Amino acid sequence: MSTTKEISIGDIGSRGAEASSKLDGDKMALNVGPSHPTTHGVLRLIMELDGDLIEKCEPVLGYLHRGDEKIAENMTYNQFVPYTDRLDYLAPLANNVAYALTVEKLTNIDIPPRCQAIRVLVCEMARISSHLLGMGVFGMDAGAWTPFMYTFTEREKLYTLFEELTGARFTTSYTRIGGVARDIPDGWLGRVESFVDQLPKAIAEVEKLLTRNRIFLDRTEGIGEISKEDALAYGLTGPNLRACGIDLDLRKDKPYSGYEQYEFDVPIGTRGDCYDRYLVRIEEVLQSIRIIKQVIKDFPTGAWYAEDAKKIFAPPKEKVLTSMEELIQNFMIVTEGPQIPAGEVYFEAENPKGALGFYIVSKGGGVPYRMKIRAPSFCNLSILEKLAPGHFLSDITVILGSLDFVMGECDR
Amino acid sequence: MIDEDFTKSLLQKHSYLTQQDSVDWVTFECVPEKLLSFVESLRDTEGFEILVDLTAIDHGEGADFRYSTVIHLYSLVQRGYLRIHSTCTDNDKPEMPSVSSIYPAANWHERETFDMFGIHFSDHPNLKRILMWDEYPHFPLRKDFPLAGIDTPLPADDVVEVTQASVEPAPMMGGPFVSSNSGSMSDSEPRAKDESWTEKKEKPV
Amino acid sequence: MGFACFKRLVRNKHMHMTASDVAYNGKVEGDVVVTRADAVINWIRQHSVWPMPMGLACCAIELMASAASRYDISRFGMEVMRFSPRQSDCMIVAGTVTYKMAEVVRRIYDQMGDPKWVVAMGACASTGGMYRSYSVMQGVDNIVPVDVYVSGCPPRPEALLDAMMKLQDKIGNESSVRNLRKTSAGAVK
Ligand code: SF4
């Protein structure tokens with residue numbers, strides 16, 4: 001039995017309000033977070049308020065800095081895959097794919113069409129799952145609880161599919177350098193298809209609750225407007241950038257993993273306010289459904305990993321257990337890591353939150369020399385300092401919800 | 001399009017540039033003094049409107065020039081990336097001009113690079129740590145910094161008083177299985193690294 | 001919970017109420033239950049746990065999932081998630097506790113009113129998990145006392161629900177009255 005001693009509490013507030021003594025007159029300093037429902041994780045905001053009006057807003061990050069980049073420097077390429085799950089933990093499959101594609105760019109291996117199709121499929125499913133949560137939580141931020149329940153019901157269905165494919169609900173670790181962890185299970189495609197068939201109905205239900213809802217409109221329309229110039233200057237990407245009216249979608253502009261074969265539209269906003277960001281996300285979900293249907297329609301057969309990449313992809317288990325050559329190959333890759341040539345590479349993939357980039361410096365061998373993760377949430381959040389001033393305190397909830405960031409990848 | 005003509009014309013216009021080999025995007029090495037003007041001209045005349053990434057590399061303690069920064073730009077017009085390396089000339093007090101006046105996006109990236117590598121960005125409006133806490137004494141992504149971390153006091157004195165907690169090196173003996181890139185195969189295979197304490201070695205005090 | 005022997009209280013024949021007056025066949029039958037104070041207090045506490053969702057990282061998503069439609073934590077009387085520590089009595093630490101966050105976690109813990117419990121959800125909160133690195137605290141039990149650890153990365157919602165039921169069992173076995181009598185200022189675990 002141990003006793004714990006009470007310690008003074010007012011302290012964090014007072015440090016958050018460091019500036020308050022310097023403020024004269026009616027202004028006050030307000031500290032929000034790092035544990036606060038509106039901050040969606042461990043973000044902290046220090047704001048200067050004039051009445052209800054925000055005059056200055058300083059985000060403080062790093063409360064979830066886990067040292068991913070340092071860890072990457074100490075691990076073989078495949079060992080790092082599980083850590084990519086935990087960057088944007090709302091769309092781990094998309095992170096897995098982005099990471100694998102980056103490393104593969106350093107090598108010269110050809111990824112077979114089936115593997116590419118699997119990757120596109122899981123990327124789009126991840127996008128749906130991320131946007132569903134984004135929409136639900138955004139509704140919650142604007143005061144509507146029900147959409148969250150609806151979207152989470154759909155997410156649970158997705159989780160079931162993910163679990164069938166990868167064995168985990170969302171820490172999937174599905175890709176390997178040169179392929180994926182395992183082929184898709186029998187009948188899985190059919191279940192994905194029936195899921196996307198019924199999804200539009202669920203989205204319509206959410207839309208019915210939110211899109212023309214007077215309260216929701218009042219709270220989001222014209223709030224948090226970002227101009228095109230600002231969006232570019234602060235390096236916004238993803239739906240947040242497109243909501244400002246800029247047509248930049250890496251799936252279209254720099255197609256990877258066979259995205260060029262599929263037909264889809266890139267939704268673009270006009271005003272760049274919270275409402276536009278919400279609409280863009282909804283439309284993106286519908287476009288993802290379109291892509292998924294096309295992928296499933298012409299699902300390629302054949303190999304699901306790069307068979308000739310003998311020094312990079314560890315062969316599947318059944319082969320390892322029956323053939324000596326493959327056993328040795330597997331052993332080498334596990335002990336030394338996939339052999340990646342020296343060089344540097346930067347690759348960005350269009351993730352649900354924006355462009356997730358990896359910059360890898362390799363000196364050859366199985367371990368990266370340096371890896372930088374360019375997190376979309378990090379860049380998207382940096383505009384907050386500019387965006388928040390001039391808004392009311394109650395708007396900050398909606399603005400944060402509409403930016404749809406994840407601290408896991410922001411702080412890494 | 002970012003093609004050979006484009007790189008040639010850039011090389012002609014800016015004599016201080018040198019081109020570097022790369023497997024993906026066109027890469028230039030730029031001297032730090034000219035970095036600002038080069039980047040500005042890229043933005044204003046070539047349409048590189050987005051700074052997607054800014055980071056640094058530590059080339060290790062033995063290197064002549066230990067730190068260099070890397071900038072990645074994206075152009076909406078040309079639909080392509082450009083990479084710019086710049087090398088810090090001073091190893092003890094690495095310094096680099098800040099491009100945050102040209103690209104506001106660089107502001108946080110530079111703060112992060114400062115936080116992780118200790119590279120000083122001159123004329124940065126608000127150069128302080130962004131991921132670690134303000135009083136943290138080390139620069140974690142430098143190569144001489146161990147993954148497990150170094151003993152440091154926790155920032156809050158009153159919490160420390162009650163809990164006796166402090167920043168301790170993480171125990172590496174139970175994993176993760178860390179790999180090194182050099183040495184014989186039996187040395188480089190993934191194994192628990194001994195950066196803090198193990199059965200054989202006492203926990204450092 | 002036990003209904004203590006009732007007869008002992010009314011054995012005294014001079015008491016003008018007999019056992020049957022208040023219990024079986026009595027006028028106030030059904031209105032009076034005699035039990036140990038501990039049992040009542042614990043029973044109440046057990047079934048109205050108000051969690052404080054200390055959502056720090058990925059595990060918070062599973063925490064949300066257990067509150068949402070499929071897993072529905074309200075079946076166990078715990079759906080009243082309160083982000084204000086003053087209104088909650090069980091902190092669910094869901095996610096990686098970094099050194100930067102540690103002091104905040106501790107301060108929030110201190111702001112919670114007694115009695116309070118802590119659930120360390122996931123490998124990170126329990127031991128640091130897969131993040132053996134310079135910035136991650138190797139287990140939240142370095143700064144707050146933990147009652148239940150949940151394994152998994154992330155634990156499935158079922159695992160969290162199971163942990164919460166374990167916590168209920170634990171609450172059920174506490175000596176609440178004795179703890180109340182302890183006059184020391186701090187919480188007694
Ligand atoms: S235990 Fe796993 S899922 Fe949970 S916070 Fe840690 S890394 Fe994320």
Side-chain angles (χ1 to χ4, degrees), chain A residues 1-13 33-38 40-42 44 60-71 74 82-83 85-90 92 133 136-137 148-157 159-160 163 168-171 406-408 411-412, chain C residues 52-62 64-65 67-72 81-85 91 95-111 114 116 124 128-136 143-145 152-154 156-157 179 182 184-189:
Chain A
M1 201 189 286
S2 70
T3 52
T4 52
K5 201 178 115 196
E6 187 101 23
I7 55 179
S8 70
I9 294 153
D11 208 19
I12 198 154
S35 169
H36 192 269
T38 68
H40 295 198
V42 282
R44 175 173 169 202
V60 182
L61 343 165
Y63 290 98
L64 192 49
H65 174 61
R66 305 189 270 199
D68 276 329
E69 290 174 14
K70 188 85 185 173
I71 290 173
N74 286 288
Y83 290 88
D85 292 341
R86 288 147 179 90
L87 292 174
D88 172 3
Y89 37 76
L90 298 175
L133 189 99
V137 172
F148 169 75
M149 287 295 176
Y150 284 3
T151 57
F152 232 95
T153 311
E154 298 308 311
R155 267 176 69 85
E156 284 292 341
K157 293 179 191 162
Y159 275 166
T160 314
E163 204 177 343
R169 280 159 58 87
F170 70 81
T171 42
V406 171
M407 289 319 278
D411 292 346
R412 284 151 291 154
Chain C
M52 147 100 211
M54 193 77 208
L56 304 174
C58 355
C59 277
I61 305 297
E62 286 297 54
M64 276 160 80
S69 22
R70 186 185 288 182
Y71 294 97
D72 195 10
M81 302 252 181
R82 284 290 177 266
F83 282 89
S84 162
M91 180 155 85
T96 322
V97 187
T98 59
Y99 286 117
K100 194 169 179 180
M101 192 66 194
E103 67 156 306
V104 183
V105 175
R106 176 69 205 195
R107 277 183 216 288
I108 289 175
Y109 176 78
D110 280 322
Q111 288 175 48
D114 280 324
K116 51 193 169 186
C124 282
M130 56 195 277
Y131 288 98
R132 293 280 150 91
S133 71
Y134 56 91
S135 58
V136 175
I143 40 162
V144 292
C153 180
R156 298 178 58 94
N179 291 351
K182 289 225 166 83
S184 69
V188 180
K189 287 271 169 200

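Small disclaimer: the values here were computed from a predicted structure and weren't measured.
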Which atoms of A:Y150 are under 4.5 Å from chain C, going by heavy atoms: the side chain, the backbone, both sets, or neither?
neither
Is there a side-chain contact between C:C153 and A:R86 (heavy atoms, below 4.5 Å)?
yes
Could you tell me which residues satisfy side-chain hydrogen bond (donor to acceptor under 3.5 Å, both in side chains) with C:T98, sequence neighbours excluded, listed by chain and number?
none
Side chain, backbone, both or neither: which part of C:M64 has an atom under 4.5 Å from a heavy atom of chain A?
both
Using non-hydrogen atoms and a 4.5 Å limit, figure out which bit of C:I108 sits close to chain A: side chain, backbone, both or neither.
side chain
Pair A:H65, C:Y99 - check side-chain hydrogen bond (donor to acceptor under 3.5 Å, both in side chains), show working.
CA-CA 9 Å; A:H65 174 61; C:Y99 286 117; over 6 Å; no
Determine, for C:Y109 and C:R106, whether the Lys NZ or Arg CZ falls below 6.0 Å from the six-membered ring centre while staying within 45 degrees of the axis.
no
Are any non-hydrogen side-chain atoms of A:Y83 and A:R66 less than 4.5 angstrom apart?
no
Is chain A contacted by the side chain of C:A60, its backbone, both, or neither, given a heavy-atom distance below 4.5 Å?
neither
So, the part of C:Y71 with a heavy atom under 4.5 Å from chain A: the answer is side chain
Checking A:L87 against chain C: side chain, backbone, both or neither under 4.5 Å from a heavy atom?
neither
Go through C:V144, C:T96, C:V97 and name the one with the most non-hydrogen pairs under 4.5 angstrom from chain A.
C:T96
Find out whether C:R70 and A:T160 are in side-chain contact, i.e. whether some heavy atom of one side chain is under 4.5 Å from a heavy atom of the other.
yes
Side chain from CB out, backbone as N, CA, C, O: work out which of these in A:D88 comes under 4.5 Å of a heavy atom of chain C, or both, or neither.
neither
Pick from A:P92, A:G67, A:A168, A:P82: which one has the most heavy-atom pairs with chain C under 4.5 Å?
A:G67
Tell me, for C:A67 versus chain A, whether the close heavy atoms (under 4.5 Å) come from the side chain, the backbone, both or neither.
backbone
Salt bridge (Lys or Arg N to Asp or Glu O under 4.0 Å) filter on A:K157, not counting sequence neighbours, yields A:E154
